[in-house]
> 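Have a look at this one.
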Amino acid sequence: MSDRDRVRGAVVEEITALLVEDGKPVPALDDGDVLLQSGLDSLGFAVLVTRLEDSLGYDPFTEMEQPVYPSTLGEFVEVYAAHAPSA
Amino acid sequence: MLPAREVLVDDRAALVDGRSRLSHAQLADDVLGLRARVPFGGAVVVTARRGLPVAAALAALDGWAGRVELRGALDTGGSTAGAVVLSDDVAPAEVPASGGASPMPPPRRAPAATRWRLFTSGTTGEPKPVDHTLDSLARTVRPGSGTGPRRWGLLYEPTRTAGVQVLLQALRGGDTVLDATHLPGLPERLAWLAEHGVDALSATPTLWRQVLQTARPGSLSLTQVTLGGEIADQRLLDALRAAFPGARVTHVFAATETGAAFAVSDGREGFPLAYLEEPPRGVALQVRDGVLFVHAPGASTAQEDGFASTGDLVEVAGDRVRFLGRASGVVNVGGVTVAPEQVETVLREHPHVADALVLPRRNPFSGWILTARVVAAPDLDDAGRAALPGLLRTSVAERLPSAHVPARIEVVEELPLSTTGKAGRR
């Protein structure tokens with residue numbers, strides 16, 4: 001499995017768990033979906049990044065040199081894949 | 001309702017929303033006839049959620065009413081007995097015939113010293129009333145840009161401090177406010193603002209990050225980008241400069257309790273060390289034991305020398321003073337003031353919890369966020385322990401605003417203790 005697939009799996013898993021906890025419907029998540037329109041609000045984003053930091057072991061947003069604010073699921077996954085610690 | 005684009009936006013407009021437009025002249029003439037329905041020196045409660053009635057109240061009632069409470073959608077638990085209530089339904093047609101809706105006669109007496117009561121979120125989650133004068137609220141108003149009036153987008157609730165300050169920008173700075181709050185979501189609001197030629201926008205850092213995350217922030221041709229209400233970090237300032245290359249990027253520092261306010265527009269986080277020697281806008285600043293103090297002799301918390309603590313922890317690094325957080329340990333989670341101890345108390349009250357420690361963590365999207373470690377009650381079985389984090393998040397969410405809910409709750413065997421026996425908070 002590539003880094004991207006592994007990261008995408010972790011991201012989708014955490015988003016799903018978060019939406020379920022908040023009692024929101026879980027849409028089928030495609031790479032082109034805008035995350036803020038998929039049930040996540042800005043606080044949900046913050047929670048997601050915190051949980052991913054614990055499950056994946058890093059927070060790419062505080063590591064990156066050029067700030068990026070991803071809009072879609074695909075862009076969000078790319079950020080994590082690009083900053084994955086080399087195995 | 002008329003389609004939004006049929007509402008005229010021009011230089012004489014003070015406020016425009018999805019269905020109506022108010023000119024500066026109409027505001028000055030008390031077009032809603034508010035002085036006819038509020039007795040001189042009387043009390044007013046504004047329950048309106050739209051910007052238009054709030055702007056009309058700001059224009060007509062300062063110097064007329066004794067007290068105006070800006071409540072909006074908030075449930076403050078306060079009564080409205082004896083007060084005139086202004087809702088979104090307020091319209092000129094409702095003015096009693098004896099009122100003489102407009103133009104109003106000049107008042108025959110000295111203006112009333114109007115107190116404007118606004119509510120802050122406070123650390124308890126309960127709305128906390130704070131009284132202001134309109135002059136003190138208008139301190140952040142920027143003078144005209146010299147290139148004609150700006151069009152400020154209103155994304156805040158118009159009855160909260162940040163929203164009032166945007167409205168005052170139109171009233172006192174001669175600008176136009178585009179009230180986007182009639183639309184449900186941020187993408188719709190930004191699209192409407194772009195369509196109406198917005199060129200200035202004020203928002204919290206958390207809201208700005210959301211703006212940057214919407215699909216096309218570049219559709220906004222902004223010349224002024226203003227941040228306030230939370231610490232503006234360098235990363236966000238850089239991202240805004242890249243997204244809005246034609247804009248001046250300003251972060252505003254305002255200490256509500258002391259009334260002090262100043263702005264920084266050099267694109268760097270914090271403020272210049274030189275401000276400690278040369279007070280910005282006459283606001284004298286000092287750093288004492290790592291905490292920022294401002295000269296505010298009128299503030300209730302002022303010491304004998306007239307300086308009052310802002311409660312903000314700062315560090316001096318090179319030629320810059322940077323904000324670190326709050327001295328009291330409270331943190332700002334997405335614009336909401338949150339006390340970790342308060343969340344600990346709620347967690348400890350749960351029957352399945354023996355003890356709890358709540359720690360704030362830096363977060364790239366909300367500034368800060370809470371995480372928690374809990375020790376389960378000894379009689380709780382494995383299944384109960386596995387279900388505990390979800391249960392506790394729900395339990396906190398039922399009692400406190402959502403910013404207080406820990407992002408992650410870890411069930412541990414014991415909590416780390418500091419040498420003083422207190423929970424290891426720092």
Side-chain angles (χ1 to χ4, degrees), chain A residues 10-11 13-24 26-27 29-80 82-83, chain B residues 184-188 190 203-217 233-243 333-336 338 359-372 387 389-394 396-397 401-410:
Chain A
V11 169
E13 188 181 322
E14 295 287 9
I15 293 176
T16 304
L18 201 53
L19 293 176
V20 169
E21 276 178 43
D22 291 346
K24 291 178 182 163
V26 181
L29 289 161
D30 293 325
D31 277 359
D33 290 345
V34 174
L35 288 174
L36 285 173
Q37 291 166 347
S38 304
L40 282 184
D41 56 12
S42 76
L43 198 60
F45 242 92
V47 172
L48 177 63
V49 171
T50 304
R51 292 186 178 186
L52 285 169
E53 184 180 357
D54 289 336
S55 58
L56 294 174
Y58 63 102
D59 169 9
F61 295 99
T62 54
E63 289 172 11
M64 60 177 59
E65 291 185 358
Q66 290 297 320
V68 175
Y69 291 91
S71 171
T72 64
L73 173 65
E75 291 164 12
F76 189 80
V77 169
E78 286 308 325
V79 169
Y80 276 86
H83 288 81
Chain B
L186 187 63
E188 294 93 330
L190 293 177
T204 60
T206 297
L207 197 48
W208 275 118
R209 293 184 191 103
Q210 282 180 267
V211 171
L212 291 172
Q213 279 180 274
T214 61
R216 295 184 302 117
D233 60 88
Q234 192 62 50
R235 181 178 305 278
L236 179 60
L237 294 173
D238 290 348
L240 288 169
R241 200 173 44 194
V333 178
V336 179
V338 171
L359 295 171
R361 200 193 273 190
R362 295 288 329 195
N363 187 278
F365 289 90
S366 59
W368 293 88
I369 199 150
L370 299 186
T371 62
L391 266 181
L392 291 177
R393 273 176 54 84
T394 307
V396 175
S402 57
H404 294 68
V405 179
R408 188 165 176 274
I409 298 179
E410 190 183 0

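Throughout, protein chains are lettered first and strands after them, A, B, ... in sequence-line order, and every chain is numbered starting at 1.
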> Here's a test for you: under side chain to side chain contact (heavy atoms under 4.5 Å, CB included), which of A:Leu36, A:Thr72, A:Val68 qualifies with B:Gln213?
A:Leu36
> For A:Leu18, is it the side chain, the backbone, both or neither that has a heavy atom under 4.5 Å from a heavy atom of chain B?
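Only the side chain of A:Leu18 comes within 4.5 Å of chain B.
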> Indicate the atoms forming the closest heavy-atom contact of B:Asn363 with A:Ala46, along with that distance.
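That closest heavy-atom pairing would be ND2-O, 3.0 Å.
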> Between B:Val405 and chain A, which part of the residue has a heavy atom less than 4.5 Å away: side chain, backbone, both or neither?
neither
> At what distance, to the nearest 0.5 angstrom, does OG of A:Ser42 lie from CG of B:Leu207?
8.0 Å
> So how far is it from A:Asp22 CG to B:Ser402 OG, rounded to the nearest 0.5 Å?
9.0 Å
> Calculate, to the nearest 0.5 Å, the distance between atoms OG1 and CZ belonging to A:Thr50 and B:Phe365 respectively.
10.0 Å
> Do A:Asp54 and B:Arg408 come close enough that some side-chain heavy atom pair is under 4.5 Å?
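Yes, close enough: below the 4.5 Å cut-off.
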> Rounded to the nearest 0.5 Å, how far does CG of A:Leu43 lie from CD of B:Gln210?
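Output value for this atom pair is 10.0 Å.
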> When you measure from the side chain of B:Arg235 to the backbone N and O of A:Phe61, does any donor-acceptor pair fall under 3.5 Å?
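Side chain of B:Arg235 to backbone of A:Phe61, a donor-acceptor pair under 3.5 Å: yes, one is there.
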> Need one label for B:Leu370: side chain, backbone, both or neither, based on atoms under 4.5 Å from any heavy atom in chain A.
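When you check distances to chain A, no heavy atom of B:Leu370 falls under 4.5 Å.
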> State the OG1-OH distance between B:Thr214 and A:Tyr69, to the nearest 0.5 angstrom.
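Reported value, rounded in 0.5 Å steps: 13.0 Å.
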> For a 4.5 angstrom cut-off between non-hydrogen side-chain atoms, does A:Pro67 reach B:Leu236?
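A:Pro67 does not reach B:Leu236 side chain to side chain.
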> With a 4.0 Å cut-off, would you call B:Arg361 and A:Glu53 a salt bridge?
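Yes.
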> Does any heavy atom of chain A fall under 4.5 Å from the side chain of B:Arg393, the backbone, both, or neither of them?
side chain
> Hey, is CD on B:Gln234 packed in by over 12 heavy atoms from elsewhere, all under 6.0 Å?
yes
